[in-house]
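By convention in this document, chain letters (A, B, ...) are assigned in the order of the sequence lines, proteins followed by strands, and residues within each chain are numbered from 1.
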Amino acid sequence: MATDYKQTLNLPRTDFPMKADLVAREPQRLARWQAGRLYERIQAARAGAPKFVLHDGPPFANGDVHIGTALNKILKDFILKFKALRGFDAPFVPGWDCHGLPIEFKVTQDMQKNGGPARGAADAATVRRACEAYARKYIEVQRAQFQRLGVLGDWARPYLTLDRQYEADELRLFADLVERGFVYRGKKPVYWSIPCRTALAEAEVEYRDHVSPSIYVKFPLVGHPGTSVVIWTTTPWTLPANLAVAYNSTFDYAVVLVGREQFIVSALLLPTVAQKCAWGDYQIVRHLRGEELSQLEYTHPFCARTGRLFAGDAFVDNVTGTGFVHIAPGHGLEDYQLGLEHGLPIYSPVNDDGAFTHTNDLPLEQQMPATLLGKSILETNGESEANAAVLAELRARGALLHHEPYTHSYPHCWRSKTPVIFRAMDQWFIEIDHEVVNSPASAAGATEKDKSGLGQTAQSPSAPFPLFPSASASDGHTTFRQRALAEIDRVEWIPDWGINRIKSAVQTRPDWCISRQRAWGVPIPAFFDAHGEPILDARIVRRAADLIEQHGSNVWFEKSAAELWALLRPADWQGPEAVSKSTDTLDVWIDSGSSSRAVLMRRAELQHARQSQPGQGHGQPGEPSPVASPPWQADMYLEGSDQHRGWFQSSLLLSLAANGAAPFRTVLTHGFMVDADREKISKSQQAQGGYEKPQTADAYVNRWGADIVRLWVSSQDFRNDIVVSEERINKVAETYRVIRNALRYQLSNLYDFDPGRDAVPDEQLTGLDRWILAEFSKLEADVLAAYERYEFHVVYQKLAQFVAVELSAIYHDVIKDRLYTDAPDSPRRRSTQTTLHRLVTGLCQMLAPILAFTADEAWEFVPGRPTDSVHEAHWQPRPFALREDEALCWQHLFELRERALPELEKARQAKLIGKALEARLTLRGGDAATRTAQAHGEALRELLNVSQLTVQLDGEGSPQFLVAHADGQKCARCWHWETDVGAHAGHPTLCGRCVAAVERCAG
RNA sequence: GGGCGUGUAGCUCAGUUGGUCAGAGCAUGCGCUUGAUAAGCGCAGGGUCACUGGUUCAAGUCCAGUCACGCCCA
């Protein structure tokens, strides 16, 4: 009976499921990884191996993991898994950024909603405790979500910027900056809520319509009697702070005669201005180009001082106003920047209550008239005392040309709902152009550190590594900005245009305002003396760091100024005594930017061996060897390209200033998530209900599984934008199935293969097996190179195409016959099994960084696998090259295959044959390929999957194939058409080859 | 408005220094197979390489400009 013969075949069998069911099965594997401490096992196995340190940029501990954040972590995981697979010791210490406004804002909002203290009256310590609880809650949430993505790391010991030790190290780094003279006190305008008596952040202001007084004011020019420029403003109360007027150098200005006075305004805006100011009868005297205004000076309309005109092309527009913008550097951001450029005082004659006051920025006689003092800016019933008083002054002096109500969008305090003002406040700054010297900084801090005896101090940054090693100036005088730019050149930036981004960020950045009037942050341990003068001293900061390391930073907010001063005042203190403490916190970019000190230097597992070579990847041959890299310097930072101006910059500046070197050797950046229309996706759109697409990582993982998400991440060139769309992910899922099926096919044909017993040596492998191993070896080299360049999309493409073409369409298709029909232990079958075993082993390893779950799942089915998990394996590609003649032979055979397949297809269309095994092929030709075919007829027959092939060498000419139906009868076992079917009496339906196979089995 | 990027078949990507470079895989359509079967194989149709001008004997490949999108500034 024919069906019996099926039992004599070696049909594939495996428990490796065809259906992945990732959503259900991945969590089980994850649980096993965790129970078996996989990360720790990998680390232990790599102890002593060369280090590869990728330092995690801390995501904000707020909300679910966004798909964009998932992309970032997955990319990091690709690299770390790859490095570990290649034998590196590649630890991963994940981190979280915990402080900052979004959390404080949310927490205070919730407190208010829940009937808590209104208007932010809650004390800082209470708010801070709530903030910490909030951050810790989301750290837990995000930790689970990151782990679910298959990201391995030291999740039990992440770094948190709210950890006491972190905060302490951050302050120690800050103390170094203070000691080296980087930190100074200056002024900068901030949003200020008068009723709440507090500074507001951008996120805390809401824009609402508001009616302001719109006024046009004369500013008489010095040396041009009877001539004034005209400015327009909607905040009359800022006029006492006016120190300059801005024009646009690209505009055309008109000088117009009105009665006996001359006014200068933008020519384009003249008609509007003339109408507003009721210049019924005016004439244009002449035109001025913008640059002709640059030397002009004016007299303040009601203060005894003069000001100058400056170009402000960036913000002086030709749409509203007069073409002249009144500048009060203490009351506006653009004003502030222009003021800085021209060395104007950041003058802000408004006190905490929002009332006019004199300050010591200007001589008293130059400040506002006494009639204005004490007037409040805050509106009551739509009227502002300050505005009214200013208008009165202007009217009294005939300076007011026009006044009308004006409705526009204006920032309001989110809590009190009142209009906010922009007001300059004292702030701490880091001076970017600080002059630095080439010699190492004094060790003054170290002695104090030793004395304190509190806590442990992070590794000293100085010891064997000179500060600012990259300095080239011999005169010993360079600015810190120049040092930073030089250091940037020593870092490898991928993609290479990244260096432009970071350089322009460093080149153009202003001094770094590092103080915030917020509660949820690391306190700036400064005091004030009886005169309100600040006390900021490196020794005090270090003692505060020790205190905070012991008690947490809430100690700063809970203890009184006197208590703190008593604890922190150095014994030999000569300076003024403190009477109050600072309540400012550090900019959160100082938090995350300090991780070089608080994490890279702190954690033993992140240290490179001392004899560490200069960073791999940079340093050209022939170039003088640069200073050895410090052992704590990370091999890589990997974040979105927005971080050039963010974390990359803050980390670089802080580490260079305090540790003497950049914290990274290589910086890799990725693009951003965009949707199918290549428009950005954002959480806010989602929140507004306009977006139904889920944008949390979990939403994708729960629908497709982590491996599909990971494969999708790998499939696109992350240096550009990454398209997230259902269509795209479904395509990737399709590729996943193809890969999974190929693995399954390979595993299913190894059920009776024991590599120790059955493996066939290379030189005894069949030609086809040697061919695929050579192809695989090329793939391996390509994939390895792509991984090393971090081009995962190339890995994806190469792997997917290899699986689809070389494996599925060719090799796997062809070897079915030998695997199924040869005797189980025939040399030919064992040769092919040896090859499959090698392929599946290599594929699992190659796939492991990307398909973290699936590669590990398949690995468990590989006979004689060398390690328990694929992630513990050491991937060492085995080159396999064909001899030259062998390679040429296969090249010929595949050329012929290309010609034969269309002929077979034609025959199929003509209903001459169905499957290829029903065909008899005749090849006729005279070229080299045909000669090869004659010599290797059986190999070609097998490659074409036909039952019969005849080769006829015939003069010249390119090869031609003729298709006919195969001769003989179909063998019931192997389905070949053979002329010897029926020749054996015992097996009348079998061909000779099958008779042999069957009898061998039976015997 | 400025800086930095990106723009090749429906999708994701290859296309070194300008001259068979218009390719691959997937998807689609049409067949075949039913011993990888919620699988497998074959064949076919798809692109004026964003657009417009230049340089050149010759340009996805160099230059300029335009448009669209992204990031960062303003």
Which of the following nucleotides, [options], is nearest to the side chain of [X]?
X: N741(A); options: G40(B), C73(B), G42(B); answer: G40(B)
X: K915(A); options: G35(B), G31(B), C32(B); answer: C32(B)
X: L9(A); options: U12(B), U33(B), G35(B); answer: G35(B)
X: T821(A); options: C41(B), C4(B), G35(B); answer: G35(B)
X: D813(A); options: C41(B), U34(B), A27(B); answer: C41(B)
X: K911(A); options: C32(B), A27(B), G42(B); answer: C32(B)
X: F672(A); options: C71(B), G31(B), A39(B); answer: C71(B)

Can you check the distance between C26(B) and A64(B), where both ends of the measurement are the P atom (answer in whole Å)? 39 Å
Expressed as a whole number of Å, how far does the P atom of U34(B) sit from that of A27(B)? 22 Å
Determine: side-chain N/O of [X] to OP1/OP2 of [N], distance under 4.0 Å, yes or no.
X: R740(A); N: A38(B); value: no
X: N945(A); N: C41(B); value: no
X: S808(A); N: C41(B); value: yes
X: H793(A); N: A14(B); value: yes
X: K816(A); N: A36(B); value: yes
X: Y5(A); N: G35(B); value: no

Grab the CG-C1' distance between L904(A) and C32(B) for me, whole Å please. 11 Å
Spacing between L917(A) atom CG and U34(B) atom P, to the nearest angstrom: 10 Å
Can you tell me the base-pairing partner of [N]? Count Watson-Crick or G-U wobble geometry only, both distances below 3.5 Å, and say none if there is no partner.
N: C30(B); value: G42(B)
N: U48(B); value: none
N: C69(B); value: G5(B)

RNA chain B nearest-nucleotide lookup for K19(A) and D817(A): closer to the 5′ end is D817(A)
Go nucleotide by nucleotide along RNA chain B from the 5' end; which of A800(A) and E898(A) gets its closest nucleotide reached first? A800(A)
Could you go through the side chain to side chain donor-acceptor pair (under 3.5 Å) check for T8(A) and R973(A) one step at a time? CA-CA 8 Å; T8(A) 70; R973(A) 182 168 176 274; 2.6 Å; yes
What residues in residues 832-844 of chain A put a non-hydrogen atom under 4.0 Å from any atom of RNA chain B? none
Salt-bridge criterion met for D825(A) and R1000(A) (N-O under 4.0 Å): yes
